[in-house]
2 protein chains.
Amino acid sequence: MAENAPVRGCMIIKPYGYAVWENMQRIFDVRIKEEGVQNAYFPLLIPLEFIAREAQHVEGFAKECAVVTHHRLESDGKGGLRPAAEAKLEEPFVIRPTSETIIGDAMARWVQSYRDLPLKLNQWCNVMRWEMRTRMFLRTSEFLWQEGHNAFETAKEAREDALKMLDAYTDFVEGALAIPVIKGEKTPEERFPGADATYTIEALMQDGKALQAGTSHDLGQNFAKGCQIKFQGRDGKEEYAYTTSWGVSTRLIGALIMTHGDDDGMIMPPRVAPVQVGIIPVLRDDADQDKILAFAKDLKAGLATLGLRADIDTSAARTPDKMWASIKKGIPVRVEIGSKEVDEGMVTSVRRDLGRDSKKTLSRDAFLNEIADVLNAIQENLFARAQERLKAHIVPVKTLVEVEAFFKAEKPGFVKMPTALLSDPAFEAIKKDYGVSARCMPLAEPDSVLVARAY
Amino acid sequence: MAENAPVRGCMIIKPYGYAVWENMQRIFDVRIKEEGVQNAYFPLLIPLEFIAREAQHVEGFAKECAVVTHHRLESDGKGGLRPAAEAKLEEPFVIRPTSETIIGDAMARWVQSYRDLPLKLNQWCNVMRWEMRTRMFLRTSEFLWQEGHNAFETAKEAREDALKMLDAYTDFVEGALAIPVIKGEKTPEERFPGADATYTIEALMQDGKALQAGTSHDLGQNFAKGCQIKFQGRDGKEEYAYTTSWGVSTRLIGALIMTHGDDDGMIMPPRVAPVQVGIIPVLRDDADQDKILAFAKDLKAGLATLGLRADIDTSAARTPDKMWASIKKGIPVRVEIGSKEVDEGMVTSVRRDLGRDSKKTLSRDAFLNEIADVLNAIQENLFARAQERLKAHIVPVKTLVEVEAFFKAEKPGFVKMPTALLSDPAFEAIKKDYGVSARCMPLAEPDSVLVARAY
């Protein structure tokens with residue numbers, strides 16, 4: 001899926017991993033556009049003054065970022081290159097850790113009247129934060145994401161939008177990635193700096209740690225004031241806009257791996273699987289090769305007409321190695337075609353989520369008739385499994401003594417405690433001692449707060 | 001479509017311009033994948049040693065690039081920020097001007113045997129070159145592109161691939177963008193450094209200048225040697241791979257504007273037009289609003305079922321302003337719906353390429369029946385017009401005296417001269433005096449070379 005790049009903290013997203021991201025983008029981009037959001041593209045480099053202007057908003061990460069100070073290289077006289085001293089920039093630039101400020105600056109120009117609102121912008125791009133401790137997909141210095149930035153006329157619209165985009169993330173992450181999440185609001189302490197409210201979807205990884213899968217911020221007028229996004233209202237008076245921002249990133253690929261993988265490797269939810277049906281020609285006798293490959297190609301074509309993504313492993317590898325590769329990649333359905341299958345017009349298939357016990361042989365037509373349902377069943381099974389795991393790992397408690405006991409015993413998952421305990425000094429000590437944090441106050445139970453170790 | 005960003009030499013691609021790029025990407029990405037190319041993502045930052053290693057290949061642009069030297073900001077004590085001295089990187093990084101070297105480095109790891117070939121990789125990404133003179137879409141410091149990097153077992157395959165990707169570009173640029181091109185090979189002097197052959201598609205802008213719309217390079221083993229892309233061949237011997245690279249960028253949006261625009265603004269070829277049919281509700285009387293909007297929505301839905309992109313201008317602008325906006329944006333077909341149209345179930349439409357003379361009123365059904373054909377006709381008309389212009393602006397000459405006379409008279413377009421004249425010292429003087437260059441040796445006429453002023 002990915003490997004470490006020869007650049008500290010960065011990754012190379014390999015074709016199989018990138019195909020997952022492309023599928024995610026395709027699915028979520030449709031939803032974004034249904035909400036009336038327009039995609040655009042803003043510059044990679046941010047002037048330092050923009051960062052300074054919003055410094056209170058970006059305190060958390062803006063300081064650890066890649067700084068561009070020169071615009072030319074020159075020979076160092078030793079066969080290498082160095083930044084050319086005379087090409088030092090008068091004002092350095094930062095590689096965007098987020099595009100909040102540069103998009104806000106454009107919004108301030110584009111918004112004049114209430115008629116220009118709502119303005120909903122999104123970009124799919126790379127961003128960079130100089131992370132000290134990195135982990136593939138979950139925390140890398142460079143990552144890919146979408147960042148949405150919406151502006152509204154009223155506080156009510158902005159609040160509704162922040163919650164609507166949280167719903168969009170929930171539908172996407174649960175529906176396409178089969179990852180169940182808890183929708184909640186961040187505690188004031190965990191809130192995005194400058195936000196009136198930060199909403200989050202929190203997922204549970206198989207190792208018992210929580211993972212923030214997406215966030216949606218209601219920025220009130222705070223951000224518009226920083227960027228001077230003003231409009232002439234219906235009453236003729238000038239007013240600051242109300243803005244929201246919302247984002248998900250390639251860290252979702254990490255969430256996918258840690259939610260659905262098993263000891264044998266990955267299990268891909270069919271909706272985002274690069275290959276939904278992996279066809280393995282079982283070639284024992286050279287004489288049979290042509291007819292087996294012809295049958296496999298015909299089956300792939302049949303799957304394509306159903307709109308399904310199939311692939312034939314025509315590599316020179318041995319059959320058991322091909323099967324193993326298919327399992328490791330997590331291809332939802334594996335099909336094995338040997339001479340016998342071709343002669344009888346049959347298809348033998350195995351579900352990745354259920355393993356060899358699910359092996360069955362059907363006629364080609366029967367297989368094609370049921371494959372869409374089988375893929376749906378796999379999608380649902382992966383979600384149900386993860387949902388069960390999530391439910392089993394939310395432990396309600398009433399006191400901080402119980403909270404401490406939970407984490408002292410290194411139990412996996414979340415404790416759910418009353419929000420009143422958040423302000424208890426003993427909670428600060430627990431957070432520090434056990435490396436845990438308040439993940440969210442579930443929207444369904446606003447008087448509770450979930451606490452967990454997290455990525 | 002775009003505006004200058006508050007970052008020197010960079011642009012903000014606005015939603016309408018970005019939608020064109022999305023349509024381009026969608027169309028060309030399908031073609032890429034048909035060729036067995038896999039998309040992936042490689043890091044934004046390139047270690048300096050990588051650039052140095054390939055310095056002879058990237059001589060042309062690698063030196064003018066954005067250099068990252070620090071990884072943290074700190075307060076400058078005056079309310080601003082500055083790069084933190086203690087966060088200076090031991091080895092600086094360069095923002096990719098192209099990913100040739102970092103992809104080559106990965107290929108060297110991924111390719112071991114002839115069984116790993118061909119390996120065809122592509123990425124859609126942003127790149128940066130510190131351009132001194134910039135021009136919207138055509139030459140900006142940051143731009144978006146796709147860069148393909150393929151590796152093969154034999155020289156023959158690499159040569160065929162370079163030409164195949166040139167054909168893919170030709171089909172795409174002529175078919176989707178309606179921009180006719182001349183397929184050719186660059187002269188040795190204009191060749192990409194390190195390439196055995198550089199192929200190009202050259203287009204003619206309406207102002208008479210040439211524009212290189214896409215390039216495809218056969219790099220032979222030169223690049224593989226630099227990056228150590230080696231494989232064990234069928235005979236068991238270790239050999240260097242043969243590679244190609246190929247790219248097109250957001251400069252194609254500039255080509256689109258300068259090929260099809262007229263005095264009134266842009267004319268969008270339907271295949272990449274963000275909006276193919278722009279519906280303008282002509283609202284005179286409040287009482288009619290609901291029925292007109294309902295009719296417009298129904299028409300839009302009818303177009304959507306045909307797979308067409310339609311939009312209703314529901315802004316508060318006056319009708320003439322809406323019409324003018326539609327013209328300026330170059331929406332291929334404009335539909336006007338007033339009370340009369342609704343009552344009679346009729347649709348009045350105007351083709352952007354033909355103007356008011358093409359105005360006609362049809363029943364809703366008849367309109368929906370013919371609209372796909374109308375859009376095709378617009379696409380073909382735009383191509384035919386540009387094709388005629390291109391053909392009329394290739395002037396065959398036999399001598400450098402004629403070449404000089406052509407450019408002295410500031411004639412638009414190309415002169416086509418015998419390749420033998422390339423080595424005449426007088427040609428060097430002409431290039432310098434008139435700011436012209438050898439654009440390509442047409443594949444169809446390899447003994448000729450086209451010379452022109454160019455973007």
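Every chain is numbered from 1, with letters handed out A, B, ... down the list of sequences.
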Looking only at heavy atoms, which two atoms of [X] and [Y] are closest? And how far apart?
X	Y	value
A:Ala273	A:Asn23	O-ND2, 3.5 Å
B:Phe231	B:Ser113	CB-C, 3.9 Å
B:Val94	B:Cys65	CG1-SG, 3.6 Å
A:Phe42	A:Arg96	O-NH1, 2.9 Å

Segment of [X] engaging chain B (4.5 angstrom heavy-atom cut-off):
X	answer
A:Trp21	neither
A:Glu3	side chain
A:Ile95	side chain
A:Met132	side chain
A:Arg109	side chain
A:Met128	side chain
A:Glu22	side chain
A:Pro43	both
A:Asn39	both

Using non-hydrogen atoms and a 4.5 Å limit, figure out which bit of [X] sits close to chain A: side chain, backbone, both or neither.
X	answer
B:Gln123	neither
B:Asp29	side chain
B:Lys33	side chain

Top of A:Cys10, A:Ala19, A:Pro83 for chain B proximity - count of heavy-atom pairs under 4.5 angstrom: A:Pro83
Interface residue of largest heavy-atom contact number with chain B, from A:Arg8, A:Lys14, A:Gln38, A:His71, under 4.5 Å: A:His71
Pick from B:Ile103, B:Asn122, B:Thr250, B:Leu144 with the largest number of heavy-atom pairs that fall under 4.5 Å of chain A: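 Highest number of heavy-atom pairs under 4.5 Å: B:Leu144.
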Donor-acceptor contact present, side-chain B:Gln146 to main-chain B:Cys125, <3.5 Å: no
Check: B:His149 main-chain N/O paired with B:Lys120 side-chain donor or acceptor under 3.5 Å: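 No, B:Lys120 side chain to B:His149 backbone: no donor-acceptor pair under 3.5 Å.
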Polar contact flag, side-chain donor to acceptor under 3.5 angstrom, A:Glu131-A:Ser141: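 Distance-only check fails for A:Glu131 and A:Ser141.
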No-hydrogen, no-angle side-chain donor-acceptor test under 3.5 Å, A:Thr140 and A:Thr134: no
Test: B:Glu74 and B:Arg82 ion pair at under 4.0 Å: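 Here B:Glu74 pairs with B:Arg82 in a salt bridge, since their nearest N and O are under 4.0 Å apart.
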Parallel, tilted or perpendicular: rings of B:Phe93 and A:Trp130 (30°, 60°):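 The rings of A:Trp130 and B:Phe93 sit tilted, inter-plane angle from 30° to 60°.
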